[in-house]
Amino acid sequence: ASALVRYVAKQRPDRNNETYPKASAPAYAARLILGVDTEYALQKLDASVSSRISRAQSVWKADPKSSHALDPFDKVALVNTYFLAKDKIPKATAAKIRDYCALYEHKVWKGYGAMNYRLMMDGAGFLAAEEWPEIRDREGLDAAGIRAATKQRLLGYFDGICRQNYSEYGSPIYAAVNLSATRMLAEYARDEDIRKRAEFTLDAMMIDIACTWNQGLNAGPAARAK
């Protein structure tokens with residue numbers, strides 16, 4: 001794990017992706033964790049959040065009902081980076097991450113519902129509502145309301161993964177996303193029920209991987225492989 005962080009901290013996103021959190025946030029988070037090249041990391045992290053807020057506002061200006069203004073991949077990347085290094089992130093940048101999370105709607109699930117989207121969207125929303133009690137989302141839902149709505153769904157996802165069937169089991173891309181989003185909750189959620197259930201679910205996901213591990217390769221049939 002330490003070797004991976006050191007490796008990522010040496011990577012620079014290409015110019016087209018510098019302010020695209022989904023692609024670039026790990027490079028900034030790794031630098032902040034290690035305390036290297038932090039001025040660059042903080043500058044680009046702040047620019048990334050600003051660009052996502054500006055993009056959403058621009059899309060909605062053209063089409064107020066557009067479902068393409070926001071991306072849960074960006075949301076989870078920014079929130080995860082914040083929690084990994086929040087003691088090093090300036091308050092102004094943290095406020096922008098809060099404001100970006102507030103652009104989402106949390107009361108009921110809308111739109112595309114793949115498991116990875118659900119875990120990213122609701123997991124990041126839940127943690128943001130715990131961290132910033134003053135937050136109010138695009139529909140006017142306050143922090144308590146966001147926590148209540150996302151908690152109910154998150155517990156349902158955890159139950160489905162552990163007791164029914166993990167719909168993205170074995171997928172090389174989405175399994176990693178799901179593991180990361182669940183780990184984030186297991187590590188940073190203050191709500192004991194969410195934290196413990198996330199820990200159990202993370203164990204179940206890892207057992208799935210272990211069962212298909214053969215001589216250094218994950219050899220299982222993947223439902224959503226690409």
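- Here the CG-CG distance, from Asp122 to Leu155, works out to 11.0 Å after rounding to the nearest 0.5 Å.
- Among residue pairs with one or both ends in residues 108-121, those qualifying as salt bridge (Lys or Arg N to Asp or Glu O under 4.0 Å) are Glu105-Lys110, Lys110-Glu139; sequence neighbours excluded.
- Partners of Asp208 under the side-chain hydrogen bond (donor to acceptor under 3.5 Å, both in side chains) rule, at least two apart in sequence or in another chain, do not exist in this structure.
- For the pair Ile161/Phe200, no side-chain contact is recorded, criterion being any heavy-atom separation below 4.5 Å from C-beta on.
- Residue pairs meeting the salt bridge (Lys or Arg N to Asp or Glu O under 4.0 Å) criterion with at least one member in residues 3-14, sequence neighbours excluded, are Arg12-Asp37.
- Counting non-hydrogen atoms of neighbouring residues, nucleotides and ligands closer than 6.0 angstrom, the NZ atom of Lys88 exceeds 12 such neighbours.
- Smallest separation of non-hydrogen atoms from Ile146 and Gly125: CG2-O, 3.6 Å.
- Between Tyr28 and Tyr40, the ring-plane angle classifies as perpendicular under the 30° and 60° cut-offs.
- Linking Ile, Leu, Val, Met, Phe, Trp and Tyr residues whenever their side-chain heavy atoms come within less than 4.5 Å leaves Tyr20 and Met120 in two separate clusters.
- For Tyr188, the ring pair (Phe, Tyr, Trp, His ring centres under 6.0 Å) partners two or more places apart in sequence, or in a different chain, are Phe83.
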Going through the distances and angles, do Asp191 and Lys151 end up as a salt bridge (charged side-chain N to carboxylate O under 4.0 Å, His left out)?
CA-CA 9 Å; Asp191 181 290; Lys151 178 177 180 176; 3.0 Å; yes
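- If you take CG on Leu78 and SG on Cys101, they are separated by 7.5 Å, rounding to the nearest 0.5 Å.
- Geometrically, Arg55 does not engage Trp60 in a cation-pi contact defined by less than 6.0 Å to the ring centre and at most 45° from the axis.
- Salt bridge absent: Glu192 and Lys196 never bring a charged side-chain N and a carboxylate O closer than 4.0 Å.
- Note: Met205 CE to Glu168 CD = 9.0 Å, rounded to the nearest 0.5 Å.
- Taking each heavy atom of Ala149 and Lys107 in turn, the nearest pair found is CB-O, 3.7 Å.
- Within the structure, salt bridge (Lys or Arg N to Asp or Glu O under 4.0 Å) contacts touching residues 56-77 (residues at least two apart or in different chains) are Arg52-Asp74.
- Note on ring orientation: taking the six-membered ring where Trp is involved, the planes of Tyr104 and Tyr100 are perpendicular (angle over 60°, cut-offs 30° and 60°).
- Using a 4.5 Å heavy-atom threshold, the side chains of Val76 and Met121 count as separate.
- Contact record, Lys96 with Ser50: NZ-OG, 3.0 Å, taken as the closest heavy-atom pair.
- A donor and an acceptor atom, one from each side chain of Lys44 and Thr19, are nowhere located under 3.5 Å apart.
- Side-chain atoms of Arg98 and Glu134, non-hydrogen and from C-beta on, do get closer than 4.5 Å to each other.
- Taking CG from Leu127 and CG from Leu185, the interatomic distance works out to 5.0 Å, rounded to the nearest 0.5 Å.
- Using a cutoff of 4.0 Å between basic side-chain nitrogens and carboxylate oxygens, Glu131 and Lys86 are scored as salt-bridged.
- Residue Leu217 is found outside any hydrophobic cluster, as its side-chain heavy atoms come under 4.5 Å of no other Ile, Leu, Val, Met, Phe, Trp or Tyr.
- When only modelled atom types and interatomic distance are considered, Thr93 and Asp46 share a side-chain donor-acceptor pair under 3.5 Å.
- Residues Trp132 and Tyr82 bring their aromatic ring centres within 6.0 Å.
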